[in-house]
Amino acid sequence: MNNATFRHFINNEFVPSASGRQFDKRSPLDGSLLGTVAEGGEEDVRAAVQAARAALDGPWKGFSLAQRTELLYAVANEIDRRFDEFLDAEVADTGKPRSVASHVDIPRGAANFRVFADAVKNVPTEFFEMTTPEGRKAYNYSVRVPRGVVAVICPWNLPLLLMTWKVAPALACGNTVVVKPSEETPGTATLLGEVMHKVGIPAGVYNVVHGFGAGSAGEYLTTHPDVSAITFTGETVTGVAIMKTAAQGIRPVSFELGGKNPGIVFADCDFDAAVAGIARAAFLNTGQICLGTERVYVERPIFERFVAALKQKAESMRTGHPSDKSTAMGPLISLQHREKVLRYYRRAVEDGATVVCGGGVPVMPEGLAGGAWIQPTIWTGLPESSAVVREEIFGPCCHVRPFDDEAEVIRLANDTPYGLATTIWTRDIARSFRMGTSINAGIVWINSWFLRDLRTPFGGSKQSGIGREGGVHSLEFYTELRNVCVAT
Ligand code: NAD
Ligand code: 6OD
């Protein structure tokens, strides 16, 4: 992947920016140059949307549902066949351990295409018979039609997984897409262009424009009048900006946004499973998972023991090169993001935290010293009002606090502007059911975390998002219902 050039993918061709502008992509491992990326401007976005619109009204329209789903299966098979190339690209862009990308990111890229190919085949149709005032029969039936050109705007933490989670249902439903990958992770979206071309997806159905957000490709895409719908995954504050632009033209949005997710551990839990589950939720992907846990509440009788065990887990996680089999944690995505996370590490100390472990930057071997490395960190003793407990950090860290009863922990867990996910650990079945409906979040995991059945609704409450995607729920966003009334 060294010195690769990432170009836009428009109309099944790799093209440079019309302006000739490009930017550098650097490795999070050591800051070395990975390649240059075409920087999309207004003209590139216009070309991509035009290609998508032409495909929508042209060749793609002629594909039957069966033909579309067959193609989606072919995309999945091709991702499987080129698994190692996708793995290399994802690992190069993000620095994440190969063991993580090969179990989480790349298999989900393929699975997303299969799941949505299946989901669209099983959509029931409404049918109502009525009588006209003159006594004739009339029949109403509803059809689902594609929205049109869908803008897909993606973050950098799980690039292929999150992009295909949107592209697959969009194409399954007969839309065309223009993808704006994160400026930090151009690799797998570009590679997917080759796959689309190879399996015979018509030109213009899948397009990629690289670039930045405000004042760049992202903004030009969300403001383009020929974009019919916008699906976005990223920070809540970016969601606010996009929602304003989507308002012009009354375009529907699907938003998967930030979180400050609570983890709740009751004294009756399977202790070892809970420690392992919370460690995974706090530190997997170097804490850069929107569903991750940065607030942990532990029932008082096991609090001290739990904190000690979690500390042991954090300290046993090796930070290192992605190819090293013993590596459990990679770097953060960039030095800029590390600076943001370190600001919270310093703030925790200012706000009176006890630093149980970590709190800074690890000493790395010489070749890796320039990377965005960071220590997994655990705090106790912070007030709930601290920014460290209230704001999304998106790093490998958590604050752990004791609680005394169910009512108290429900209040603490829900005291947040976010509502994405929760992980709860208990052996009490009745309590699991009670907690499942008491926590105000889109996803509640009991004795598990990030356990995904792709047919289930996924999304956030409050400021964590708008809408639900997954299985047939995705069809609500990627299609529009049209009622046809036939009078006899
Ligand atoms: P981000 O919001 O900074 O960027 C996401 C994408 O939006 C990028 O492609 C970026 O270039 C683009 N963008 C930025 N400003 C834009 C604008 N004004 N108009 C159009 N596009 C714009 O997010 P990030 O830093 O890439 O990702 C981390 C964030 O994503 C975290 O907050 C995390 O919680 C969230 N996230 C949420 C979910 C979820 O499912 N809820 C999943 C993954 C990540
Ligand atoms: O598993 C998924 O489908 C999904 N959207 C995960 C989001 C993870 C956030 O970082």
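One-based numbering along the sequence shown. Just so you know, ligand 1 is whichever comes first in the structure, and atom 1 is the first atom listed for that ligand. Quantities reported herein were computed from a predicted structural model and do not represent experimental measurements.
Of all heavy-atom pairs between Val178 and Ala52, the closest is CG2-CB, 4.0 Å. Closest heavy-atom contact between Tyr478 and Cys173: O-CB, 3.6 Å.
Ring pair Trp165/Phe458 is perpendicular by interplanar angle, where above 60° counts as perpendicular and below 30° as parallel. Ring pair His337/Phe394 is perpendicular by interplanar angle, where above 60° counts as perpendicular and below 30° as parallel. Under the 30°/60° scheme for interplanar angles, the aromatic rings of His210 and Phe6 are found to stand perpendicular.
For the side-chain contact (heavy atoms from CB on, under 4.5 Å) test with Asn112, the passing option among Ile79, Leu162, Thr164 is Thr164; the others fail.
For the 3.5 Å distance criterion, the side chains of Glu469 and Ser254 qualify, holding a donor opposite an acceptor. In this model, no donor atom of one side chain and acceptor atom of the other lie less than 3.5 Å apart for His321 and Thr327. Side chains of Thr416 and Lys260: no donor on one and acceptor on the other come within 3.5 Å. The closest side-chain donor-acceptor pair between Ser386 and His399, if any, does not fall under 3.5 angstrom. Side-chain N/O atoms of Glu391 and Tyr344 include a donor and acceptor closer than 3.5 Å.
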Under the criterion side chain to side chain donor-acceptor pair (under 3.5 Å), I'd like the reasoning laid out for Glu43 against Tyr220: C-alpha separation, chi angles, the key distance, then a yes or no. CA-CA 9 Å; Glu43 215 175 309; Tyr220 298 133; over 6 Å; no

Evaluate Arg295 against Tyr297 for side chain to side chain donor-acceptor pair (under 3.5 Å), listing each step before the verdict. CA-CA 7 Å; Arg295 300 184 288 145; Tyr297 301 100; 3.0 Å; yes

With side-chain contact (heavy atoms from CB on, under 4.5 Å) as the test, would you mind laying out the steps for Ile201 and Val75 before giving the verdict? CA-CA 9 Å; Ile201 298 270; Val75 172; 4.3 Å; yes

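Polar contact check, Thr222 against ligand 1: no nitrogen or oxygen pair lies under 3.5 Å apart. Between Asn157 and ligand 1, a contact under 3.5 Å exists for no N or O pair.
Contact annotation for Thr233 and ligand 2: no heavy atom of the residue comes within less than 4.0 Å of the ligand. Only the side chain of Asn157 comes within contact range of ligand 2, with a heavy atom under 4.0 Å; no backbone atom does. With a 4.0 Å cut-off on non-hydrogen atoms, Leu420 touches ligand 1 through its side chain and not its backbone. When non-hydrogen atoms are compared, ligand 1 lies under 4.0 Å from the backbone of Thr233 as well as from its side chain. Within the 4.0 Å heavy-atom criterion, the part of Glu183 lying near ligand 1 is the side chain and not the backbone. At a heavy-atom distance under 4.0 Å, no atom of His337 approaches ligand 1.
Short contacts between ligand 1 and Thr238, defined as distances under 4.0 Å to a heavy atom of the residue, involve ligand atoms 1 (P), 2 (O), 3 (O), 13 (N), 14 (C), 15 (N), 16 (C), 22 (C). The Leu162 neighbourhood of ligand 2 comprises atoms 4 (C), 5 (N), 6 (C), 7 (C), with distances under 4.0 Å to a heavy atom of that residue. Every atom of ligand 1 is numbered from 1 in the order shown, and the set under 4.0 Å from a heavy atom of Ile242 is 19 (N), 20 (C), 21 (N). Distances below 4.0 Å separate heavy atoms of Trp156 from the following atoms of ligand 1: 24 (P), 25 (O), 26 (O), 27 (O). The atoms of ligand 1 that sit less than 4.0 Å from any heavy atom of Leu162 are 42 (C), 43 (C). Near Pro181, the atoms of ligand 1 lying under 4.0 angstrom from a non-hydrogen atom of the residue are 9 (O). Less than 4.0 angstrom separates some heavy atom of Phe458 from each of these atoms of ligand 1: 40 (O). Numbered from 1 in the order shown, with element, the atoms of ligand 1 that lie under 4.0 Å from a heavy atom of Phe232 read 2 (O), 5 (C), 6 (C), 7 (O). For ligand 2 and Glu256, the ligand atoms under 4.0 Å from any heavy atom of the residue are 5 (N). Taking a cut-off of under 4.0 Å to the non-hydrogen atoms of Phe212, the atoms of ligand 1 that pass are 11 (O). Per-residue contacts place Arg108 under 4.0 angstrom from the following atoms of ligand 2 (heavy atoms of the residue considered): 1 (O), 2 (C), 3 (O). Those atoms of ligand 2 that come under 4.0 Å of a heavy atom in Phe450, given as number and element, are 1 (O).
By heavy-atom distance, the residue among Gly218, Ala246, Pro155 lying nearest atom 20 (C) of ligand 1 is Gly218. If you check each of Glu256, Glu235, Lys180, Lys260 against atom 40 (O) of ligand 1, the one with the closest non-hydrogen atom is Glu256. Nearest to atom 17 (C) of ligand 1 by heavy atom, out of Gly292, Gly259, Ala214, is Ala214. Of the listed options Gly213, Ala217, Gly465, Gly213 places a heavy atom closest to atom 22 (C) of ligand 1.
Considering only heavy atoms from C-beta on, Thr479 stays 4.5 Å or farther from Pro146 through its side chain. When side chains are defined from C-beta on, Phe450 counts as touching Arg452, because their heavy atoms get closer than 4.5 Å. The side-chain heavy atoms of Met163 and Pro181, taken from C-beta on, include no pair separated by under 4.5 Å.
Using 4.0 Å as the threshold, Gln288 has no heavy atom nearer than that to any atom of ligand 2. For Cys154, the closest heavy-atom approach to ligand 1 falls below 4.0 Å.
Nearest non-hydrogen protein atom to atom 28 (C) of ligand 1 is Phe394 CE2, 3.5 Å. Looking from atom 37 (C) of ligand 1 to the surrounding protein, the closest heavy atom is Leu257 O, 3.0 Å. At the shortest separation from atom 8 (C) of ligand 2 among protein heavy atoms lies Cys290 SG, 3.2 Å. Scanning the protein for heavy atoms near atom 12 (C) of ligand 1, the closest one is Ile153 CG2, 3.7 Å. Annotation: atom 1 (O) of ligand 2 to nearest protein heavy atom, Arg452 NE, 2.7 Å. Closest to atom 4 (C) of ligand 2 among all protein heavy atoms lies Phe458 CZ, 3.4 Å. In this structure, the protein non-hydrogen atom closest to atom 39 (C) of ligand 1 is Cys290 SG, 3.1 Å. Glu392 OE2, 2.5 Å is the protein heavy atom nearest to atom 34 (O) of ligand 1.
With rounding to the nearest 0.5 Å, the separation of CZ in Phe86 from CG in Leu160 is 6.0 Å.
We find that Asp415 and Arg390 are joined by a salt bridge, their nearest charged nitrogen and carboxylate oxygen being less than 4.0 Å apart.
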